[in-house]
Amino acid sequence: MATLFVLIYSCEFFNYVLYLITNNMPTAISVAINPQWYLTIRLHLTTQFRKRRHPAKKMGNIRAAMSPFLAFISRFRLSLLTATGTALCYLLFYSANAWLFEHMEFTQGIAWVYLPAGIRLICTLLFAEAGVLGILFGSLLTANIYGLFPHDPVTTAGYAIISALAPYLAYRFTLEEMDLRRSLANLTSARLLTCVLLYALSNPVLQLIWFVFRGVSYHFWSGLIVMSIGDLMGSLIVVYIIKLLLSFFPKPQH
């Protein structure tokens, strides 16, 4: 009987820790799996433990002390969810581009229309660093699924890093040199077009330098022209698709 009491009290202490972290005591799972006699003992033990060990004022202090940590956990979960959604969206648009424009490829990885370029830019503008992380994961995922650089993980890693870095560099330049707010409240057509052009130039240059260095492609100048056009066309198509979709939603009231 003493062993049972210790076990119950240990469970209560663990549940109380969960209460401090989630402020949701008792949990739905414990209510579902515990019989009535345990609920009665638990209620008594928890009430006494709170009264004697943790008065209301101390509880408030503990919550206040933990609030920065809980806020960090909340931001981390949101960033992880955003990065995952960006990676899946990137994979979806890459698959659509491969299906629609496969016959327009100049060479492997270089096409006259490249829709993922628009997703890279838009997700970076909307989600900043979380979008960059999602693009990195999405590029690695698509490279492995479609076998862009089979048996060459170094080239794959460099391709993914540049795919995520190029739109971020254009985004940072627009932030710092053109006074773009992180909230995008002052994102005008001119700023957006500047960002698109910067990305459509920086990404092909960096990618082709990497491909030539790795011996994957030797068509630098011709590849630069085709990739720049493909990234520009893909970015503009995605931007105007999003603009068209937004036109179906009611405009916010001022």
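As the structure is a prediction and not an experimental result, all values here were calculated from the model.
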Point to revise | Atom of Thr86, atom of Gly131 and distance for their closest heavy-atom approach | key: CG2-O, 3.7 Å

Check your understanding: Looking at residues at least two apart in the chain, or sitting in another chain, which of them share a side chain to side chain contact (heavy atoms under 4.5 Å, CB included) with Ser228?
Key -> Leu201, Pro204, Leu224

**Study point:** Nearest atoms (heavy-atom pairs only) where Ala87 meets Gly138
**Key:** CB-N, 3.8 Å

Study note, to complete from the structure: In this structure, CZ of Arg77 is separated from OG1 of Thr82 (nearest 0.5 Å) by 12.5 Å

Exercise for review: Report yes or no: do Ile225 and Val196 belong to one cluster of Ile/Leu/Val/Met/Phe/Trp/Tyr joined by side chain heavy-atom distances under 4.5 Å?
Suggested key: yes

Donor-acceptor list for residues 206-214 side chains, cut-off 3.5 Å, not counting sequence neighbours:
residue	atom	partner	partner atom	Å
Gln207	NE2	Tyr159	O	3.3
Gln207	NE2	Ser163	OG	3.0
Trp210	NE1	Thr155	O	3.2
Arg214	NE	Thr155	OG1	2.9
Arg214	NH2	Asp152	OD1	3.0

Practice item. Using the salt bridge (charged side-chain N to carboxylate O under 4.0 Å, His left out) rule, collect all pairs that involve residues 192-210, keeping only residues at least two apart or in two chains. Key: none

Practice item. Could you grab the distance from atom CG of Leu140 to atom CD1 of Ile135, nearest 0.5 Å is fine? Key: 12.0 Å

**Study point:** Leu136 versus Ala164, closest heavy-atom pair with distance
**Key:** N-CB, 3.9 Å

Review point. Taking the side chain as C-beta and beyond, is there a heavy-atom pair between Leu192 and Leu125 under 4.5 Å?
Key: yes

Review point. What pairs with Ser95 under side chain to side chain donor-acceptor pair (under 3.5 Å), at least two apart in sequence or on another chain?
Key: Tyr146

**Study point:** Joint cluster assignment, Leu165 & Phe137, ILVMFWY side-chain distance < 4.5 Å
**Key:** no

Exercise for review: Find out if a path of hydrophobic residues (ILVMFWY) with successive side-chain heavy-atom gaps under 4.5 Å connects Ile161 to Val154.
Suggested key: no

Review point. In Å, rounded to the nearest 0.5 Å, how long is the span from CD1 of Ile241 to CG of Leu115?
Key: 6.5 Å

Practice item. To the nearest 0.5 Å, tell me how far Asn186 CG sits from Met178 CE. Key: 9.5 Å

**Study point:** salt bridge (charged side-chain N to carboxylate O under 4.0 Å, His left out) contacts in which one or both residues fall within residues 183-205, not counting sequence neighbours
**Key:** none

Exercise for review: Kindly state each residue pair satisfying salt bridge (charged side-chain N to carboxylate O under 4.0 Å, His left out) with at least one member in residues 157-171, sequence neighbours excluded.
Suggested key: none

**Study point:** Single-linkage hydrophobic cluster, 4.5 Å side-chain cutoff, Tyr90 and Ile242 together
**Key:** yes

Review point. Going by the salt bridge (charged side-chain N to carboxylate O under 4.0 Å, His left out) test, which pairs reach into residues 160-173, not counting sequence neighbours?
Key: Arg172-Glu176

Exercise for review: Sequence neighbours left out, what passes side chain to side chain contact (heavy atoms under 4.5 Å, CB included) with Ile145? Give chain and number order.
Suggested key: Leu91, Leu141

Check your understanding: What residue pairs, at least two apart or across chains, pass side chain to side chain donor-acceptor pair (under 3.5 Å) with a residue in residues 127-142?
Key -> Glu129-Tyr168, Glu129-Arg182

Study note, to complete from the structure: Those residues at least two apart in sequence (or on a different chain) that pass side chain to side chain contact (heavy atoms under 4.5 Å, CB included) with Val226 are Phe106, Ile110, Trp112

Check your understanding: Just wondering, do Ser79 and Leu133 contact through their side chains at under 4.5 Å, heavy atoms?
Key -> no

Check your understanding: Would you say Leu148 and Trp99 are hydrophobically clustered, going by side-chain heavy atoms of ILVMFWY under 4.5 Å?
Key -> yes

Exercise for review: Looking only at non-hydrogen atoms, find the nearest pair between Asn203 and Ile162 and report the distance.
Suggested key: OD1-O, 4.0 Å

**Study point:** Met233 to Val113 - nearest heavy-atom pair and separation
**Key:** CB-CG2, 4.4 Å

Practice item. Calculate, to the nearest 0.5 Å, the distance between atoms CE and CG belonging to Met227 and Leu232 respectively. Key: 13.5 Å

Review point. How would you list, by chain and number, every residue that makes a side chain to side chain contact (heavy atoms under 4.5 Å, CB included) with Ser202, sequence neighbours excluded?
Key: Ala166

Review point. Roughly how far apart are Phe93 CZ and Leu100 CG, rounded to 0.5 Å?
Key: 10.5 Å

